[in-house]
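FYI, side chains are in, hydrogens and waters are out, and symmetry mates aren't considered; it's all heavy atoms of this structure. If you're wondering where the values come from, they're calculated on a predicted model, not measured in any experiment.
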Amino acid sequence: MERIVIDVVSDMVCPWCYLGKARLDLAIAEVQDEVSVDVNWRPYRLNPDYPPEGVDQKAALEEKLGKERLEQAHTTLTQLGKEVGIHYDFDAIKIGPNTLDAHRLSLWAHAEGREVQEKVVNGLFKANFEEGRNIGDHAVLTDVAEKAGMDRAVVSRLLASDADKDTVLAEIDAAQQMGVSGVPFFILDQKYAISGAQTPDVLIAALRDIAKMKAEEHRAMN
């Protein structure tokens, strides 16, 4: 069975990234008997200028998109979310957080294993989009970490420090230099890129195509 590594560049406050994750999960489930897929979550910040305490979410989004466009986007996302089991509650989100600490948590989770990172990333998306919790708040972050099986005290101590801030910012920098200007952005086997929250069909086809190419390369080498 061929193995494919997917690096997903995303931000936990990007609703399209949450949708993209759910669709990717469906695609991976569909091909699990044919392809082995490893997923790494990579950081990106849509709002790097937000202060540590966050901003008024509604006001910031209305200023950015305009009231009408914002309402249209939320209606569309709510509908698309339902199709993949996401229950967006945009009205519940009061604070637009700075996500640097959320990305630090994701990085530490990855160090404990992909499964732990998967749980943390899911927990952060859910907390933000379905529960309206402020994922810039250290108490919320330690809750998510503990639920994913991480040590609450250790995470709390790390969050209180500046640990790995530079690492996260350097990764975001590298993604931007590579040409990532919007998220979600999927990098497959460090060779192929898929931009945006594509439907499961598109992702399934890409995974099958790459697996086929890899199998042919291996046959040619042997």
Side-chain angles (χ1 to χ4, degrees), residues 2-31 35-50 61 64-65 69 73-74 76-77 80-81 83-84 86 88 96-111 114 117-126 128-129 135 164-211 213-214:
E2 296 301 330
R3 183 168 157 270
I4 295 173
V5 177
I6 305 180
D7 289 287
V8 188
V9 183
S10 106
D11 194 2
M12 294 83 171
V13 290
C14 159
W16 294 101
C17 292
Y18 192 14
L19 185 69
K21 180 183 188 309
R23 288 173 164 182
L24 176 64
D25 289 345
L26 288 172
I28 291 171
E30 183 64 34
V31 299
V35 193
S36 160
V37 182
D38 288 331
V39 180
N40 301 313
W41 291 90
R42 304 288 182 199
Y44 194 85
R45 287 199 298 168
L46 290 176
N47 311 302
D49 48 347
Y50 280 8
L61 283 177
K64 198 173 178 178
L65 297 170
R69 260 185 71 199
H74 283 175
T76 303
L77 280 156
L80 293 171
E83 294 169 13
V84 291
I86 294 172
Y88 286 111
N98 181 310
T99 52
L100 179 58
D101 287 340
H103 285 301
R104 288 201 294 155
L105 176 59
S106 171
L107 179 75
W108 302 327
H110 187 266
R114 285 194 174 96
Q117 189 185 38
E118 170 76 18
K119 283 179 187 164
V120 162
V121 169
N122 231 13
L124 290 167
F125 276 131
K126 199 177 174 69
N128 183 62
F129 286 112
I135 60 167
D164 292 314
K165 281 184 180 175
D166 294 350
T167 312
V168 170
L169 295 172
E171 269 205 46
I172 294 169
D173 222 26
Q176 285 168 331
Q177 283 173 7
M178 235 170 54
V180 178
S181 59
V183 287
F185 195 85
F186 303 88
I187 303 158
L188 294 87
D189 272 350
Q190 299 187 330
K191 280 190 200 170
Y192 313 97
I194 297 175
S195 179
Q198 301 293 343
T199 56
D201 297 359
V202 172
L203 297 166
I204 289 165
L207 288 168
R208 284 188 172 140
D209 286 349
I210 294 168
M213 284 192 290
K214 288 182 85 154

For the atom pair [atom1] ([X]) and [atom2] ([Y]), what is the distance rounded to the nearest 0.5 Å?
| X | Y | atom1 | atom2 | result |
| --- | --- | --- | --- | --- |
| Tyr18 | Asn122 | OH | CG | 5.5 Å |
| Ile6 | Leu207 | CD1 | CG | 5.0 Å |
| Ile28 | Leu203 | CD1 | CG | 8.5 Å |
| Asp201 | Leu26 | CG | CG | 10.0 Å |
| Asp38 | Asp7 | CG | CG | 10.0 Å |
| Ile194 | Leu188 | CD1 | CG | 5.0 Å |

Check [X] against [Y] and note the closest heavy-atom contact, atom names and distance.
| X | Y | value |
| --- | --- | --- |
| Pro184 | Cys17 | N-SG, 3.5 Å |
| Pro43 | Val9 | O-CG1, 3.7 Å |
| Leu124 | Ala102 | CD1-O, 3.9 Å |
| Val5 | Arg3 | CG2-NH2, 3.9 Å |
| Ala193 | Phe185 | CB-CZ, 3.6 Å |
| Leu100 | Leu169 | CD1-CD2, 4.1 Å |

Donor-acceptor pair, [X] side chain versus [Y] backbone, under 3.5 Å?
| X | Y | result |
| --- | --- | --- |
| Asn98 | Tyr50 | yes |
| Gln198 | Ser195 | yes |
| Gln117 | Trp41 | yes |
| Arg23 | Ala197 | yes |

Original post:
Heavy-atom count around Arg69 CZ within 6.0 Å, excluding the residue itself: above 12?
Top reply: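 Counting neighbours around CZ of Arg69, 12 or fewer heavy atoms of other residues, nucleotides or ligands fall under 6.0 Å, so no.
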
**OP:** Determine whether more than 12 heavy atoms belonging to other residues, nucleotides or ligands lie under 6.0 Å from atom NZ of Lys214.
**Re:**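 More than 12 heavy atoms, drawn from other residues, nucleotides or ligands, come within 6.0 Å of this atom.
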
**OP:** Show your reasoning for whether side chain to side chain contact (heavy atoms under 4.5 Å, CB included) applies to Val13 and Arg45.
**Re:** CA-CA 9 Å; Val13 290; Arg45 287 199 298 168; over 6 Å; no

Subject >> Min side-chain heavy-atom separation Ile210-Lys191 under 4.5 Å >> reply: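 The answer is no; the side chains never approach within 4.5 Å.
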
**OP:** Compare all side-chain heavy atoms of Val183 with those of Arg42 and state whether any distance is below 4.5 angstrom.
**Re:** no

**OP:** Return the orientation label for the Tyr88 and Phe129 ring planes: parallel under 30°, perpendicular over 60°, tilted otherwise.
**Re:** perpendicular

**OP:** Show your working on side chain to side chain contact (heavy atoms under 4.5 Å, CB included) between Glu30 and Ile204 and close with a plain yes or no.
**Re:** CA-CA 7 Å; Glu30 183 64 34; Ile204 289 165; 3.4 Å; yes

**OP:** Please assess Trp16 against Leu77 for the test side chain to side chain contact (heavy atoms under 4.5 Å, CB included), listing each intermediate value before the final yes or no.
**Re:** CA-CA 8 Å; Trp16 294 101; Leu77 280 156; 3.7 Å; yes

Subject >> Worked check of side chain to side chain contact (heavy atoms under 4.5 Å, CB included) between Met213 and Asp189 >> reply: CA-CA 12 Å; Met213 284 192 290; Asp189 272 350; over 6 Å; no

Original post:
Quick one: do the His103 and Asp164 side chains pair a donor with an acceptor below 3.5 Å?
Top reply: no

